[in-house]
Each structure stands twice: as structure tokens, then as C-alpha cells.
Novice: 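Attaching a single structure in C-alpha cells format; questions to follow.
Predicted model only: the values in this text are computed from it and were never measured. Every number for a ligand or one of its atoms is a count from 1 in the order of the listing. Note that the numbering runs from 1 along the sequence shown for the chain.
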Amino acid sequence: MRQSSLVVVANRLPLDDNAAPDGACEWRRSPGGLASALHAILQKTPATWVGWAGGVGPAPQLPDIGTLRLRPVALSEPELRGYYEGFANSTLWPLYHDAVEPPVFDRGWWETYRAVNRKFAEAAAEVAEPGAAIWVQDYHLQLVPQLLRELRPDLLIGFFMHVPFPPPELFMQLPRRVELMRGMLGADLVGFQRPQAAHNVAQLAAKLLGSEGADDAIPVDGRVVRTGAFPVSIDVAEMRTMSARPYVINQARQLRHDLGLHKRVLLSVDRLDYTKGIEHRLTAYSELLRDGRIKVRDTVMVQVAVPSRERVESYWGLRDRIEGEVGRINGEYGRVGEPAIHYLNQPFDRADLAALYQTADVMVVTPLRDGMNLVAKEYVAARPEDTGALVLSEFAGAADELDDAFQVNPHDVDGLKDTLLHAMNADPADLARRMAAMRKYITRHDILAWARDYLRALDHTGRLAAQVPKQRRRATLSTQQLGARR
Ligand code: ADP
Ligand code: G6P
């Protein structure tokens, strides 16, 4: 396989499992923030993406997508169970999200997690040019930076954590906490969504590794690992263009008509995940109906909940609970031809999502903990006329940036109910001011700005290293390419 000067390593390749018979393949835009974010920047950047193509068994042959090469990593059934469903999504995911579901500590999963991380590291080492920049993504691959450094000391290694990095009290529960810290700190630059995460890591490095550093620099094995916050974003221009397409405008008009022209439309769009606070918002909505503060004849809710991680045990009960609650609410408050909630457990393409965003008077985003939450930013980008209200959990990373949203603590159901009503009844001038401010912010801080800032910082980190091998300068190429697209 040809080699690249920029290699992205992420658990998933962002493409459809079902490549067309002629071998043509399309970006899948799988539901999930990581694929959404990186999709925007990598289509036109010469790079290789190392990742899992979904399914088990031998890796498929995959064609390039534009200038992006794909290097699939095959997973066997036991690897999928121990690494993806087990350690990544039953131990790390819940623990990193404030343990809102109890993390499962199964001793059998660790070896598989380590072995699969090695597989990804080897694949990345194989496709990386001398001195290339490697950008490792997320909690699935937390050991890859260190493994890669052992295999290829010439590389410039970045790591970005899309999910929250927990406070020491929680991280300390992990039986393999030292290995996980060392693995991640094998990178030259470790990026997080929020500054608090970098602070947590600095505290943990001191505690677990005896590495006394600062929130932006941690000494490890004679190197200095840089850390910092780089809040991820969306392709604002793409969403704006999409929103202006006649199909989207017509679709939005049709949806409005179908939902009721005179009604206030509340919308939520999530992966069906227990971190998203779906049950909390259903409780709030149902109580508003019960208390008579809203009526089905003037309000309707649309809940899109795309299926996710359906083989992971903690997700099984969730779907049943949500569907039971939606059924109960519709049974109690709906009328013939007029449900209180429309529940859609299916994936949507981007245009249909944009139409939904345009239809919604109030976007309700209530995660109990979320690295960023791109849905909140997508809604803002899809509202060029500065109408609509965003209700946003203060536990989403996006809350740091979108301070003109109606912010809520989703655990406080009474507060959530009041905030929903406040957002529904807000003065249009107030809504316009808030939306314009948020739109201005995300337009400046879009996905290209995120990638450029991160890769520049990585490049800078490489230059700061005591002896910069000449080859490393090649890594700057990718930064310049991204910069040139703006
Ligand atoms: P997470 O990364 O936890 O899934 P985010 O809100 O950051 O949460 O990202 C979710 C991404 O998945 C967004 O880009 C959103 O548009 C997309 N998405 C969510 N629901 C659907 C759906 N039903 N169909 C297609 N894409 C979806
Ligand atoms: C979050 C994670 C991503 C993940 C996505 C979808 O955004 O940070 O790494 O890809 O959820 O989850 P899945 O398990 O389907 O890849």
C-alpha cells in the first residue's frame, strides 16, 4: 500500500458497509460525532484513514474516496466482543460519561483491547511515510499512541479524545489505569473537547506516573507531552448550503404541514444512547402535558433516536424503556391523528436532517454528559433566519461555547420543564439575538478551524521537540493543505 504524510486512525471507517457491486463507495456519514466531524475535512485532503469497516471477518477491498485512502482493519467476532462491545463501550464509554450507567469491569476484555490496539498501530505504521503525522481518535484506541511510538519513533503522533475525560475519582476506578494513561501520553499532543479534561489528565499523570506537569504540558519519559482543549465542530458552510436547497425547503414545508401549521414543534435527534438524557426529557414533556401547561392541540414533539450499539447489553433495556414511555405518553395524551410524540428509530440522510432542523421551533438537547454534541451546532447552522430556540444541557461540551442557548441541568426535571416553556414562549427578538450570536460563533469556529488549529498545534509540538528529525517537516504539509482550503 502507498504511504501517506497524514494518517488518521479511528475505530470506524466512515463508509457504508454495503459498497455498491461496481465497487463504488460513498461516505456513509454514520450517525456519530467523530465521523461527521472528520468527514468534512478529509474528503479533499491527501491522507489515509485506518479503521474498521464494520462486520467481522476479512477486511474488504475498498476504493479510495477522492484523495482519501482507506486502510481497513479486520476484526474477528471475539475481537469485536472484547474490544468494541466490551472494553471500549461497556467499560470506558460509561466510565468516561460520569458512570451514568455502571461501567463493567471484565478482566477478559483487556487483552483483546490491547491486541486490537496493536493491530491498529501496526496498520498505521505500515501506511505512514517517514516523519508522517498520525492523528489517533478517541477512547477505542487509547493505547495506540504509545504502541506507535515504539514501532515508529520518527512519527509525529497526535491523539484526540472526542468524549469527556473523567475526573480522577472516576478514572482511578479503572483496573488498567496506568497502562491507559501511558498509552495516551505516548502522543506528542493530546487534545480534548474541554479544558477541564486536560486538567484531569495533568492531575492523574502526577498521581499515577509521578509526572508533575501543567494543564498544557506533562513530562513523560524525558519528553514533554502537550495537552489542550480543541472543541470539535461541524461543517457550517455545508449545513448552510444544504438548508438552502429547494428539496430541503420543500421537505421542511411538508413536515410543518404534516405536524400542524399552528403547532410549536419540539425536536430531539440522538443516537439511542443512555448518555443523551432521552428519558429525562420525555419525563419533562409528559409532565408538562399532565400539568396542562402545554396541550397536544398546540405542541408536538419529534424524537429521532437512531439505533446504536445494539449488541451492547446496557443499550438493550434503554430502547424498551424509551419506546414504552413514548407509547404511554401517546396513549394518555394523544388524539386520533394527533400524537403527542413522533418517534423515529431510523437513520436519516443529511438533507432530511436539515429539513427536520428547519421545522423545529425548539431543539431539545439534554445529554447527562456529552463530549461535545454536534447536533446542537447543526441546529444553529441550519437556522439562517435566526429563528428557533436551542435548549442545551450544561453537561454537553457545546455548552462552553453556546452560552446563548437556554441552558439546563437535565437532572432537574422542574427546571427543565420551566426552561422548555421559557424557550417555547420566548420573544422572537430575543430568539433572533441568541441565534445570531451562536451562528456567528460557530461560523468562526467550524470544523476546518478545528482541524487547522489541532494540526498546527501538533506541528508546533513537533518543532518544539528537542531534536526534530528533518523528515518531520513533511508533516507540516497537511496543515498547509487544510489552511489552503479556507
Ligand atoms: P454522538 O457523537 O454521541 O453520536 P453528536 O451529537 O456529537 O453525538 O453527533 C451525532 C451525529 O450523528 C451528528 O452529526 C448527527 O447529525 C448524526 N445523527 C444523529 N442522528 C442521526 C440519524 N437518525 N441519522 C443520521 N445521522 C444522525
Ligand atoms: C461517539 C464516539 C465515536 C463513535 C460514535 C458512534 O461519537 O465518540 O467514536 O464513532 O459515537 O458510535 P459507534 O459505536 O457506532 O461507532
Novice: Contact between ligand 1 and R271 is defined here as a heavy atom of the residue under 4.0 Å from a ligand atom; is it met?
Specialist: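 It does, in that a heavy atom of R271 comes within the 4.0 Å cut-off of ligand 1.
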
Novice: Report yes or no: does Q137 have a heavy atom closer than 4.0 Å to ligand 2?
Specialist: no

Novice: Near V304, which atoms of ligand 1 are under 4.0 Å from a heavy atom of that residue?
Specialist: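 Once the distances to V304 are compared, the set is 23 (N).
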
Novice: Answer side chain, backbone, both or neither: which part of V163 comes under 4.0 Å from ligand 2, heavy atoms only.
Specialist: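 For V163, only side-chain atoms sit under 4.0 Å from ligand 2.
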
Novice: Who gets closest to atom 1 (P) of ligand 1 by heavy atom: H162, E378, K276?
Specialist: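 The nearest heavy atom belongs to K276.
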
Novice: Between the side chains of N250 and Q254, does any donor sit under 3.5 Å from an acceptor?
Specialist: no

Novice: D138: heavy atom below 4.0 Å from ligand 2, yes or no?
Specialist: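 It does; at least one heavy atom falls under 4.0 Å.
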
Novice: For ligand 1, which part of L353 has a heavy atom less than 4.0 Å away: the side chain, the backbone, both, or neither?
Specialist: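 The answer is the side chain of L353.
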
Novice: Indicate yes or no: does an N/O atom of R12 lie under 3.5 Å from an N/O atom of ligand 2?
Specialist: yes

Novice: Is there side-chain contact between R281 and D270, with heavy atoms separated by less than 4.5 Å?
Specialist: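 The answer is yes, as the side chains (C-beta and beyond) meet within the 4.5 Å cut-off.
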
Novice: Between E378 and R350, does at least one N-O distance fall below 4.0 Å, as a salt bridge requires?
Specialist: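 Between R350 and E378 there is a salt bridge, with a charged N closer than 4.0 Å to a carboxylate O.
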
Novice: For ligand 1, which part of N373 has a heavy atom less than 4.0 Å away: the side chain, the backbone, both, or neither?
Specialist: both

Novice: Looking only at N/O atoms, are R309 and ligand 2 under 3.5 Å apart anywhere?
Specialist: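 Yes - when backbone and side-chain N and O of R309 are compared with those of ligand 2, one distance drops under 3.5 Å.
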
Novice: Within 45° of the axis and under 6.0 Å from the centre of the six-membered ring of Y315, does NZ or CZ of R271 qualify?
Specialist: no

Novice: At a 4.0 Å threshold, what atoms of ligand 2 neighbour a non-hydrogen atom of H140?
Specialist: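 Heavy-atom distances to H140 below 4.0 Å select 9 (O).
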
Novice: For H199, which residues count as a ring pair (Phe, Tyr, Trp, His ring centres under 6.0 Å) partner, sequence neighbours excluded?
Specialist: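 Not a single residue meets the ring pair (Phe, Tyr, Trp, His ring centres under 6.0 Å) criterion with H199.
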
Novice: Which of the atoms of ligand 2 are close to Y84, meaning less than 4.0 Å from one of its heavy atoms?
Specialist: 13 (P), 14 (O), 15 (O)

Novice: Determine whether the side chain, the backbone, both or neither of V375 has a heavy atom under 4.0 Å from any heavy atom of ligand 1.
Specialist: both

Novice: Under 3.5 Å between some N or O of ligand 2 and some N or O of S308?
Specialist: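 No; every N/O pair is 3.5 Å or more apart.
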
Novice: Under 4.0 Å between a Lys/Arg side-chain N and an Asp/Glu carboxylate O for R149 and D188?
Specialist: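 Salt bridge flag = yes for D188 with R149.
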
Novice: Any non-hydrogen side-chain atom of Y285 less than 4.5 Å from a side-chain atom of T299?
Specialist: yes

Novice: Has the side chain of Y454 got a donor or acceptor atom that lies under 3.5 Å from a matching backbone atom of L189?
Specialist: yes

Novice: Report yes if the side chains of R256 and Q358 come closer than 4.5 Å at any heavy-atom pair, otherwise no.
Specialist: no

Novice: Cut-off 3.5 Å, side chains only: do D403 and Y441 have a donor facing an acceptor?
Specialist: no

Novice: I'd like to check whether R350 has a polar contact with ligand 1, where a contact means an N/O of the residue lying under 3.5 Å from an N/O of the ligand.
Specialist: yes

Novice: What are the atoms of ligand 1, with element, lying closer than 4.0 Å to any heavy atom of V269?
Specialist: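 With V269 as reference, the close atoms of ligand 1 come out as 19 (C), 20 (N).
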
